[in-house]
2 protein chains.
Amino acid sequence: MSRVEAATALILEVFRLNGALLAAGDGLTRDLGLTSARWQVLGAVALAGRPLTVAGAARAMGLTRQAVRRLVTELAADGFVVLAPNPDHRRAALVVLTETGRRAFAAVQERQAAWAERIAEGCAPAALGEATTLLRRLRAALERDEEHGAAEAES
Amino acid sequence: MSRVEAATALILEVFRLNGALLAAGDGLTRDLGLTSARWQVLGAVALAGRPLTVAGAARAMGLTRQAVRRLVTELAADGFVVLAPNPDHRRAALVVLTETGRRAFAAVQERQAAWAERIAEGCAPAALGEATTLLRRLRAALERDEEHGAAEAES
DNA sequence: GCCGATACGACAACATGTTGTCAATTGGCG
DNA sequence: CGCCAATTGACAACATGTTGTCGTATCGGC
């Protein structure tokens with residue numbers, strides 16, 4: 001198999017796995033009133049070490065602040081977080097976990113560990129690490145390509 | 001790094017790479033009036049070997065027929081495909097590429113090959129293959145877990 | 001040949017992300 | 001001090017996927 005074919009096969013598999021993972025994540029969190037996306041936001045806030053604004057959480061997650069804003073609004077409506085006044089910035093409120101939010105996140109984290117263990121059961125940690133490194137390298141090449149790709153496409 | 005940690009790191013990287021790939025795919029197709037999603041539909045129809053119905057294309061791609069239906073409607077509106085009567089099934093029309101559609105798909109395919117070569121430049125085909133195999137195995141475990149996961153989650 | 005299960009297309013509602021736009025706040029610099 | 005650029009939150013429009021529901025066409029078994 002040529003390099004192009006091998007790369008294409010890997011890319012297609014990434015798409016499929018991504019879909020499967022999202023579905024699994026939703027299943028993992030559904031009965032707690034969460035989804036994969038909400039869980040991700042909760043995690044960013046829980047693991048930040050300091051209170052985050054919506055825009056800050058978005059930066060931490062690599063998403064746009066608009067997407068995070070809607071999720072935060074929903075999480076606040078469901079009582080997982082509250083928006084606390086920010087002493088440093090009147091408009092940019094801080095997202096703070098409630099006790100409910102903390103408990104829900106801890107519960108999901110436990111499940112996720114057990115789930116990851118089940119899923120990766122037959123895989124050597126070293127092999128997982130090598131695959132991660134390869135994917136990271138591909139993504140780096142992708143982002144490098146993006147930067148000066150627009151000009152080359154014209155040629 | 002424990003297996004759970006390694007697996008979690010890999011999963012997060014799959015999410016990130018998926019996002020980067022989608023963005024790159026859109027960039028690759030934009031000036032032809034396509035997107036990643038439309039390209040995928042065009043590819044399913046082009047490579048099927050025989051005419052496909054909307055539902056058939058959806059099965060071939062692992063998407064729902066509703067999602068494919070909308071994309072096909074848009075592709076038809078833009079002249080990339082036409083819906084031809086199906087002699088075997090009055091309601092299920094066949095999706096057929098127009099000359100425009102064929103040319104657009106061929107153009108994207110050329111670009112994709114060059115792009116994949118650039119992206120995977122520093123990677124050995126064997127390493128790509130191993131990563132693909134690992135991801136496939138993870139997805140298989142995931143799908144197996146889904147099946148009898150609902151019951152275990154209660155315990 | 002009829003009848004019910006199944007497949008298909010259409011429509012609606014929703015989830016999740018994007019980009020674009022706009023006003024308000026903040027902070028730095030002349 | 002005052003003004004201008006960057007940041008932020010809000011809203012809208014759109015892209016892409018999902019599920020649910022409905023009506024109808026097709027097919028297989030009796």
Side-chain angles (χ1 to χ4, degrees), chain A residues 15-30 33-42 44 51-78 81 83-95 146, chain B residues 15-27 29-30 33-44 51-78 81 83-95 146:
Chain A
F15 287 148
R16 283 192 221 102
L17 183 55
N18 180 262
L21 285 170
L22 280 182
D26 284 346
L28 218 57
T29 53
R30 188 173 319 129
L34 294 174
T35 62
S36 290
R38 292 184 179 196
W39 169 26
Q40 195 188 1
V41 174
L42 227 50
L52 288 178
T53 64
V54 167
R59 271 192 301 272
M61 294 189 295
L63 292 181
T64 59
R65 65 184 201 282
Q66 288 80 352
V68 175
R69 189 187 70 87
R70 186 167 34 72
L71 289 167
V72 166
T73 303
E74 292 172 5
L75 284 170
D78 289 352
V81 302
L83 291 171
N86 184 348
D88 296 336
H89 196 307
R90 203 193 311 171
R91 295 195 65 207
L94 295 172
V95 183
E146 289 284 276
Chain B
F15 286 148
R16 284 192 219 101
L17 183 56
N18 180 262
L21 285 171
L22 279 182
D26 283 346
T29 54
R30 188 174 318 129
L34 293 174
T35 62
S36 290
R38 292 182 179 198
W39 169 26
Q40 195 188 2
V41 174
L42 228 49
L52 287 178
T53 63
V54 167
R59 272 192 302 272
M61 295 189 297
L63 293 180
T64 59
R65 65 183 200 280
Q66 287 80 353
V68 176
R69 187 187 71 87
R70 186 167 34 73
L71 290 166
V72 166
T73 302
E74 292 173 4
L75 285 171
D78 289 352
V81 302
L83 291 171
N86 184 348
D88 295 337
H89 196 305
R90 201 192 314 172
R91 296 195 62 208
L94 295 173
V95 183
E146 290 283 276

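This is a predicted model, so every value here is computed, not measured.
A residue-by-residue look at A/S36 and B/A55 shows that B/A55 has its nearest nucleotide of DNA chain C further toward the 5' end. Closest-nucleotide positions on DNA chain C for A/D88 and A/R38 were compared, and the one nearer the 5' end corresponds to A/R38.
The interatomic distance linking A/Q66 (CD) with C/dG20 (C1') rounds to 9 Å, in whole Å. Atoms CG (A/N18) and P (D/dG17) sit 12 Å apart, rounded to a whole Å. Taking atom NE2 on A/H89 and atom P on D/dA10, their separation rounds to 12 Å, with Å as the unit. In this structure, A/L22 places its CG atom 16 Å from P of C/dA15, rounding to the nearest Å. Atom pair B/R30:CZ and D/dA15:P shows a separation of 13 Å (rounding to whole Å applied). The distance from atom CG of A/L34 to atom P of C/dA15 is 14 Å, rounded to the nearest whole Å. To the nearest angstrom, C1' of D/dA10 lies 15 Å from CG of A/L71. The interatomic distance linking A/L83 (CG) with D/dT8 (P) rounds to 15 Å, in whole Å.
Residue A/T64 has no polar side-chain atom (N or O) positioned under 4.0 Å from OP1 or OP2 of C/dG17.
For a distance-only test at 3.5 Å, the side chain of A/R91 qualifies as a donor-acceptor partner of the base of D/dT8. Residue side chain A/R69 does not reach the base of D/dG9 through any donor-acceptor N/O pair under 3.5 Å, judged by distance alone.
Residue contacts shown for A/R59 are limited to sugar-phosphate atoms, with no base heavy atom under 4.0 Å away. As judged by a 4.0 angstrom heavy-atom cut-off over every strand, A/T35 is placed among residues touching the sugar-phosphate backbone only. Residue B/A67 is in base contact, counting any heavy-atom pair closer than 4.0 Å across all strands shown. Using a 4.0 Å heavy-atom criterion, one finds that B/R90 contacts the sugar-phosphate atoms exclusively.
Heavy atoms only, all atoms of each residue included: B/P51 and B/L94 are closest at CB-CD1, 3.8 Å.
B/H89 is not listed as a side-chain neighbour of B/T53, based on a closest heavy-atom distance of 4.5 Å or more. Contact annotation: the side chain of A/Q40 never approaches that of A/L71 to less than 4.5 Å [non-hydrogen atoms, C-beta and beyond].
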Step-by-step side-chain contact (heavy atoms from CB on, under 4.5 Å) determination, A/L83 to A/V72 | CA-CA 9 Å; A/L83 291 171; A/V72 166; 4.0 Å; yes

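In this structure, the nucleotide among D/dG17, D/dA25, C/dG17 sitting nearest to the side chain of B/R70 is D/dG17. The side chain of A/R65 lies closest to D/dT8, out of D/dT8, C/dC8, C/dT16. Which of D/dG17, C/dT16, D/dT18 sits closest to the side chain of A/E74 comes down to C/dT16. Distances were taken from every side-chain heavy atom of B/Q40 (C-beta onward) to each of D/dT21, C/dT19, D/dG17; the shortest belongs to D/dG17.
Here CG of A/N18 is found 7.5 Å from CG of B/L22. Values are rounded to the nearest 0.5 Å.
A distance-only check finds no donor-acceptor pair linking the side chain of A/D26 to the backbone of A/T35 [under 3.5 Å].
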